[in-house]
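What you see is a predicted model, and the numbers here were worked out from it, not measured in a lab. Residue numbers begin at 1 in each chain, while the letters A, B, ... track the order of the sequences. The figures here come from the full heavy-atom set of this structure, side chains too, leaving out hydrogens, waters and symmetry mates.
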There are 2 protein chains.
Amino acid sequence: MKWDTLDEEPCSLSRTVAVVGDRWTLLILRECFLRVRRFEAFQSSLQITRHLLSERLKKLVRFGILRRVPYSEAPKRYEYILTQKGLDLYPIIMAMVHWGDTHMGDERGRPLLHEHKTCGKLFDPVMVCSECGEPLHAKQVHVHAGPGRRGADAA
Amino acid sequence: MKWDTLDEEPCSLSRTVAVVGDRWTLLILRECFLRVRRFEAFQSSLQITRHLLSERLKKLVRFGILRRVPYSEAPKRYEYILTQKGLDLYPIIMAMVHWGDTHMGDERGRPLLHEHKTCGKLFDPVMVCSECGEPLHAKQVHVHAGPGRRGADAA
DNA sequence: TTTGACAGTTCTATTTTAGAACTATAGCCT
DNA sequence: AGGCTATAGTTCTAAAATAGAACTGTCAAA
């Protein structure tokens, strides 16, 4: 597979996988949502090699997920901030956290609890239909070819 | 990083990443949700090498995402069916598809459109709070340590 | 002037993945 | 019987990605 052009496939899942489809990238994004912003902080909390961290940050900047922002002029130092495009990855991360909570938990209970500031309660994320508001299940969804379809790819 | 024990980390995201955190696995799961079930069908639609496909299917079976079900006795042949645990990955896949639609689209429009059979409309998936039903945004969520927390890991 | 913090880069060794060929079982055709 | 096809894998070598450790450069503080 040509991973270098995966982001141009006529499949939205493939295009997303091109960006977040590896282990480190998802863990780096987790840290971003936990307000980690600096190279050393990512490196020490993840135990990722500096080389790989550098590569992944560059890639995330290239895709417009993170912005590299100077926070010190002398010496020049930068931190990495989620863009709106990056913030929009939140449902993916939360869906993964929720699945892990549900299916990969152990006897000790959840590692983290999430509070919705808006309503003040501990919550789980639920995926619903934008039209009727009902929770979504795979079997209730029918897939149609859209205008950007080509060949037999899909998702 | 010890990827072989990532599924035991005190972090639900890590545990999920241990299962679906690579490119091929997510693409294989896409095919599963499109009703692909057989080795040859996965292989020809994804152009994955037979070796890797075999490895990934074994891993998904090991984690209880797919069930290997015989569909022919002589010769013995098997197909791969999503378990409930596998079906529950749907929100992750849909969240990724939606992000791809929103942020990685091209001028030709979406590759696929999704119809909610329950209400009959074309929809987008929306992640909401289980308690108040409002759409979730990263900035409105506050994270607390849960009972399964240990050390500085999180998500 | 030496040490430490920070943000990387460079190097070699190990692990993973790609790509192609090979194995095994059995039905169908002649 | 002998060969062709379909299906579901396994095995092999080469190429690519990752791990792990050491190194670079800038500046501040001791």
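- Looking at heavy-atom distances under 4.0 Å, A:F42 makes no contact with the nucleic acid at all.
- For D:dT18, neither phosphate oxygen OP1 nor OP2 lies less than 4.0 angstrom from any side-chain nitrogen or oxygen of B:W3.
- The side chain of A:R77 lies closest to D:dT26 when the candidates are C:dT25, D:dA19, D:dT26.
- Regarding B:E40, its CD atom lies at a distance of 17 Å from the P atom of C:dT25, rounded to whole Å.
- Rounded to whole Å, atom C1' of C:dA13 lies 15 Å from atom CG of A:L52.
- The base of C:dA7 has none of its N or O atoms less than 3.5 Å from a complementary donor or acceptor on the side chain of A:R38.
- Between the side chain of A:R50 and the base of C:dA7, a donor-acceptor pair under 3.5 Å is found.
- Each of D:dA19, D:dT18, D:dC12 was ranked by its minimum atom distance to the side chain of A:T49; first place goes to D:dA19.
- A distance below 6.0 Å separates the ring centres of B:Y90 and B:F33.
- Computed from coordinates, the A:D22 CG to C:dT16 P distance equals 15 Å when rounded to whole Å.
- Taking 4.5 Å as the limit, every side-chain heavy atom of A:C132 sits out of range of all side-chain heavy atoms of B:F123.
- Rounded to whole angstrom, the span from the CG atom of A:L6 across to the P atom of C:dA18 amounts to 12 Å.
- A close approach under 4.0 Å does occur between a side-chain nitrogen or oxygen of A:R68 and OP1 or OP2 of C:dG8.
- A salt bridge links A:D124 and A:R110; the closest N-O separation between the charged side-chain nitrogens and carboxylate oxygens is under 4.0 Å.
- Relative orientation of the B:H142 and B:H144 rings is perpendicular, given thresholds of 30° and 60° on the angle between their planes.
- Note: CG (A:L53) to C1' (D:dA21) measures 16 Å, nearest angstrom.
- Between A:L57 atom CG and C:dT9 atom C1' the separation is 14 Å, expressed in whole Å.
- Contact annotation: A:K58 side-chain N/O to C:dT9 OP1/OP2 distance is under 4.0 Å.
- If you check every strand for non-hydrogen atoms under 4.0 Å, A:R23 touches nothing.
- The side chain of B:Y80 places an N or O atom within less than 4.0 Å of a non-bridging phosphate oxygen (OP1 or OP2) of D:dG9.
- Atom pair A:E73:CD and C:dA7:C1' shows a separation of 15 Å (rounding to whole Å applied).
- A side chain to side chain donor-acceptor pair (under 3.5 Å) with A:T118 is found for one member of A:H116, A:K121, A:E115 and no other, namely A:H116.
- Along DNA chain C, the nucleotide closest to A:F39 and the one closest to A:P75 are compared, and the more 5′ of them pairs with A:P75.
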request  = Please report the C-alpha distance between A:E40 and A:L53 in whole Å, then the side-chain angles of each, then the deciding distance to 0.1 Å, and finally whether the side chain to side chain contact (heavy atoms under 4.5 Å, CB included) criterion is met.
outcome  = CA-CA 10 Å; A:E40 296 294 324; A:L53 176 57; over 6 Å; no
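- Contact annotation: A:S54 reaches the phosphate of C:dT9 (side-chain N/O to OP1 or OP2, under 4.0 Å).
- When each of A:W24 and B:E79 is assigned the nucleotide of DNA chain D bearing its nearest heavy atom, the one mapping closer to the 5' terminus is B:E79.
- One can place CD1 of B:I48 at 13 Å from P of D:dT10, the figure rounded to the nearest angstrom.
- Position along DNA chain D of the nearest nucleotide to A:K76 versus A:H51 favours A:H51 as the more 5'-ward residue.
- The side chain of A:Y71 lies closest to C:dA7 when the candidates are C:dA7, D:dT18, C:dT25.
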